[in-house]
Amino acid sequence: MNIFRLTGDLSHLLAILILLWKIWKTRSCSGISGRSQILFATVYTARYLDLFTNFVSVYNSVMKIIFIAAAFATLYLIYVKFKATYDRNHDTFRIEFLLAPCALLALILNHEFTILEVLWTFSIYLESVAILPQLFLVSKTGEAETITSHYLFALGSYRALYLLNWIYRYYFEGFFDLIAIVAGIVQTVLYCDFFYLYITRVIKGRALKLPA
Amino acid sequence: QTLIENKDEL
């Protein structure tokens, strides 16, 4: 555990909590892509099945359980409790176009052809693109609430911090996992455009509106 | 080795 990994995890946790808090506090999930949240719930479920087979540490298990529970709680808020506020007309990204290629790629490019390992690989690939429905929704409406942009910033920063963690681990531990690194780079690159808008607008106290 | 039994990252 190094500082990049820890801040990455905390940033990830913060993102998830910001989203839950935003929906709960405003009693509304408008501007939030339910489809991205379905993908994230799929990611955590596929990746953390090793909770049942392999114990790493209390920290590891607790975080996994929080991520899974928060993902399903978010889905419940969007699709059940605050269903009336869900932006379904704008949330139209076809997630099967992400799910199918990730599943296929996981079957072909993995560390080992076992069920858990293929599911882990699938979750890594899927996570890298899971934000696309959300970014699509923001681009379609042309704006995002400030709290939603904080959520996106924290969520995007998490994988960027993991990239620094992997550079650190490569130099100091000789560790590297090519699948995670390549997917992590893809994931971070997808946020770059958003990071630029966040820094140039939201930090300066303006709303995140996309340039026309 | 980065197989499932060695994965400590989240």
Side-chain angles (χ1 to χ4, degrees), chain A residues 1-2 4-6 8-13 16 43-44 46-68 110-121 123-124 127 158-159 161-163 165-166 169 173-181 184, chain B:
Chain A
M1 180 72 84
N2 56 62
F4 304 115
R5 162 74 200 286
L6 182 64
D9 283 353
L10 293 179
S11 176
H12 193 186
L13 185 63
I16 289 171
V43 164
Y44 303 135
R47 189 177 309 167
Y48 300 151
L49 285 175
D50 66 346
L51 268 172
F52 298 104
T53 62
N54 181 42
F55 178 78
V56 178
S57 65
V58 173
Y59 171 84
N60 187 280
S61 298
V62 168
M63 291 292 260
K64 285 173 174 172
I65 291 167
I66 293 176
F67 288 162
I68 293 176
N110 52 57
H111 292 307
E112 189 182 67
F113 200 74
T114 60
I115 292 172
L116 276 186
E117 197 60 38
V118 169
L119 281 172
W120 178 86
T121 312
S123 83
I124 292 287
E127 185 188 351
Y158 132 71
R159 221 49 177 172
L161 288 161
Y162 257 69
L163 290 179
N165 156 55
W166 290 323
R169 291 192 70 180
E173 300 167 25
F175 167 93
F176 80 103
D177 181 332
L178 202 55
I179 288 176
I181 291 170
Chain B
Q1 265 299 15
T2 54
L3 296 181
I4 206 87
E5 54 271 22
N6 295 309
K7 288 181 180 28
D8 67 321
E9 291 181 349
L10 294 164

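Convention: sequence-line order gives letters A, B, ...; per-chain numbering from 1.
Other residues, nucleotides and ligands contribute only 12 or fewer heavy atoms inside 6.0 Å of the CZ atom of A/Phe113.
Within the model, atoms CG of A/Leu116 and NZ of B/Lys7 stand 9.5 Å from one another, a figure rounded to the nearest 0.5 Å.
When heavy atoms are compared at a cutoff of 4.5 Å, A/Asn110 does not approach chain B at all. At a 4.5 Å heavy-atom cutoff, the contact between A/Phe67 and chain B is made by side-chain atoms alone.
Taking 4.0 Å as the cut-off between side-chain N and carboxylate O, A/Arg47 and B/Glu9 do not count as a salt-bridged pair.
The two residues B/Leu10 and A/Tyr162 come nearest to each other via the heavy atoms N-OH, 3.2 Å.
Taking A/Thr121 as the reference, nothing meets the side-chain hydrogen bond (donor to acceptor under 3.5 Å, both in side chains) condition, with sequence neighbours excluded. The side-chain hydrogen bond (donor to acceptor under 3.5 Å, both in side chains) check on A/Asn60 picks up A/Lys64, with sequence neighbours excluded.
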